Amino acid sequence: MLQIARIRADKETVIQGLKKRNINAKDLIDSVLSLDEKRRQTQANFDNSKAEMNRYSKEIGQLFKSGEASKANILKEKTTQLKEQLKVLEQSLTETTNELQELLYQIPNVPNVIVPEGSNEEDNEEVFSSGDIPDLDSEALPHWELAKKYDIIDFELGNKITGAGFPVYKGQGARLQRALISYFLDKNVAAGYTEYQLPHLVNEASGFGTGQLPDKEGQMYHVTADNLYLIPTAEVPGTNIFRNVVLNESDLPIGITGYTPCFRREAGSYGAHVRGLNRLHQFDKVEILRVEHPERSYTALDEMVDHVKSILEELKLPYRILRLCSGDLGFTSALTYDFEVYSTAQKRWLEISSVSNFETFQSNRLKLRFKDADGQNKLAHTLNGSSLALPRVLAGILENYQSSEGIEVPEVLRAYTGFDFIK
RNA sequence: GGAGGAAUGGCAGAGUGGUCGAAUGCGGCAGUCUUGAAAACUGUUGAGGGUCACACCUCCGGGGGUUCGAAUCCCUCUUCCUCCGCCA
């Protein structure tokens, strides 16, 4: 959520920024500003009436104390009309505030100036690529075939137990998964992130805190009996640690990492793109998350990108980094880098990480602040990224490391898996 | 799951209808004193809205209600504690 103060002070920059997202926000911003004006006016009216009422109450109290009950009762009668008026004003204030809030919820984050203009993923800007795409022979298999051949992932069993999109990892497949999780977490901890184990279900307030609610309600699994939601990403419980928190400036920066399963309904997804591990209802992910001083957040973003890079270098997978264009940029993000690994057998790129700076967009909604040197409370910047999403990394490993002898385990993982080859 | 009790400022802890945004203690900050520090003393110390700045308004777990007036009374939800039951 954008700060109303920013819109008030810097209306044109906001409109220009949103134009990049192909949004003509002028009318929306104008309604926001006029509603804001109305809200403040209503607030002032309410406050004045309330102040009057408070004066009456005080006076009545004093009259009762000094035994002048009849005088007090006369005053009491005077308050009835005022009371009615207060009720009306309060209702109007609530309505206006809510209306304003709803409009603000509709406005996406203002893209950073370096976000390239564009309408869809075609316009994303490749900023880096690394690793050779192996020249596989014609017998190269896509990962779902490899999974079957080596009996390491059982999609049908998942269908039986739960439904489509809930694969079962078996034997070396399961151990490879566990190895990846441990390896990612160890890398993150070594880079200074504090490891957390977070709840996999969250309440409504947390859903609102990170913006999954009310907009994307249909994307989450909802446990209606207890009104809890299965997390679609560790970002939700991880970021809500900081809901309604005032930090000391010296607490910053904060870095957190955690492994969680992620649950996504993916309503409306189908076809070849959801084949195998490409798109699942349940998958594993290790997340990194930072809370930063506004002056440092873009340095932090670069650090995060470099960190994820180093993981992919160690895994020796062919990958590229994209700077998302304005049309592909997420609602809450000001700047996002996507990491994609090349799926050699499918001949397509698979997104395995997305690293974003939200600036104050999340913290404004969360009320995540820090006390600066002058004792002022200011909104902190939040960032997060995957390091990494497991299924597509696994797909990348299976496909890129395959040979007639089996699937070689990337060297860095061998200490974790305890085996060098999947045969 | 059942029965009781509780939730107040960074922490501890008073306050059971009327100048209570809230006593007191601890902690934090500033000052006096000191070569420096400690101790002692003095002052200060929550958040949001609003204003050029004041004024003013809101907030005592969340939501709703009663009342001229609510931290205080009522309803409801949540969380914590004690006891019973169940259980990895």
Side-chain angles (χ1 to χ4, degrees), chain A residues 1-9 32-104 197-209 213-214 222-229 237 240-252 254 360 362-380:
Chain A
M1 186 167 64
L2 290 179
Q3 295 168 80
I4 185 70
R6 178 181 179 186
I7 299 175
R8 230 187 268 155
V32 163
L33 287 176
S34 77
L35 258 180
D36 175 50
E37 186 61 42
K38 186 181 168 196
R39 205 219 88 231
R40 282 186 287 164
Q41 191 55 249
T42 314
Q43 175 92 55
N45 289 341
F46 173 78
D47 285 357
N48 289 335
S49 301
K50 187 79 191 186
E52 199 183 340
M53 183 62 111
N54 288 345
R55 281 194 296 272
Y56 273 124
S57 298
K58 233 169 235 181
E59 212 178 315
I60 291 170
Q62 273 159 1
L63 286 174
F64 271 121
K65 238 182 193 171
S66 57
E68 299 172 86
S70 56
K71 272 190 184 174
N73 283 320
I74 292 167
L75 266 189
K76 255 200 205 181
E77 279 168 37
K78 278 190 173 177
T79 61
T80 34
Q81 201 194 335
L82 189 55
K83 211 180 174 185
E84 282 305 307
Q85 194 185 325
L86 264 174
K87 219 174 235 174
V88 173
L89 282 171
E90 188 173 21
Q91 201 188 338
S92 153
L93 181 60
T94 312
E95 273 168 22
T96 312
T97 307
N98 290 344
E99 247 176 273
L100 178 60
Q101 185 87 333
E102 262 162 50
L103 281 192
L104 284 173
Q197 286 202 14
L198 295 159
H200 301 167
L201 280 90
V202 294
N203 58 28
E204 226 174 1
S206 292
F208 275 100
L213 295 175
H222 187 193
V223 182
T224 51
D226 298 288
N227 197 25
L228 297 173
Y229 294 86
N240 273 285
I241 293 172
F242 301 102
R243 174 154 42 90
N244 276 319
V245 165
V246 183
L247 298 161
N248 293 315
E249 194 166 9
S250 58
D251 294 331
L252 301 175
I254 292 172
T360 58
Q362 282 186 330
S363 57
N364 186 35
R365 194 155 170 170
L366 286 166
K367 295 194 171 49
L368 162 54
R369 294 155 294 173
F370 68 96
K371 211 172 268 299
D372 72 6
D374 302 326
Q376 296 290 311
N377 285 341
K378 289 172 82 173
L379 293 173

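Numbered from 1 within each chain, the chains take letters A, B, ... in sequence-line order. Please read these numbers as outputs of a predicted model, since none were measured by experiment.
If you check every strand for non-hydrogen atoms under 4.0 Å, A/Q62 touches a base. In this structure, A/N377 reaches the sugar-phosphate backbone alone: every heavy-atom distance under 4.0 Å involves primed, P, OP1 or OP2 atoms, never a base.
Shown here for A/Q85 and A/S49, the closest heavy-atom pair between the two residues is NE2-OG, 3.5 Å.
Here, B/A53 and B/G48 have their P atoms 15 Å apart, quoted to the whole Å. Using atom C1' as the reference point in both B/C33 and B/A39, the two lie 11 Å apart (nearest Å). Taking the P atoms as reference points, B/C59 lies 16 Å from B/U66, given to the whole Å. B/G63 sits 16 Å from B/U8 when the P atoms are compared, rounded to a whole Å. Here the separation of B/G9 from B/U24, taken at their C1' atoms, is 13 Å to the nearest Å. Only the C1' atoms considered, B/C75 is 36 Å distant from B/G25, to the nearest whole Å. Between B/A71 and B/A23, the two P atoms lie 14 Å apart (nearest whole Å).
A nucleotide of RNA chain B counts as in contact with chain A when one of its atoms lies under 4.0 Å from a heavy atom; the first and last such, 5' to 3', are B/G18 to B/G69.
For B/C83, the paired base is B/G2 (Watson-Crick or G-U wobble, both distances below 3.5 Å).
Contacts with RNA chain B (heavy atom under 4.0 Å) in residues 88-102 of chain A: none are found.
Using a cut-off of 4.0 Å between Lys/Arg side-chain N and Asp/Glu carboxylate O, A/R39 and A/D36 are scored as salt-bridged.
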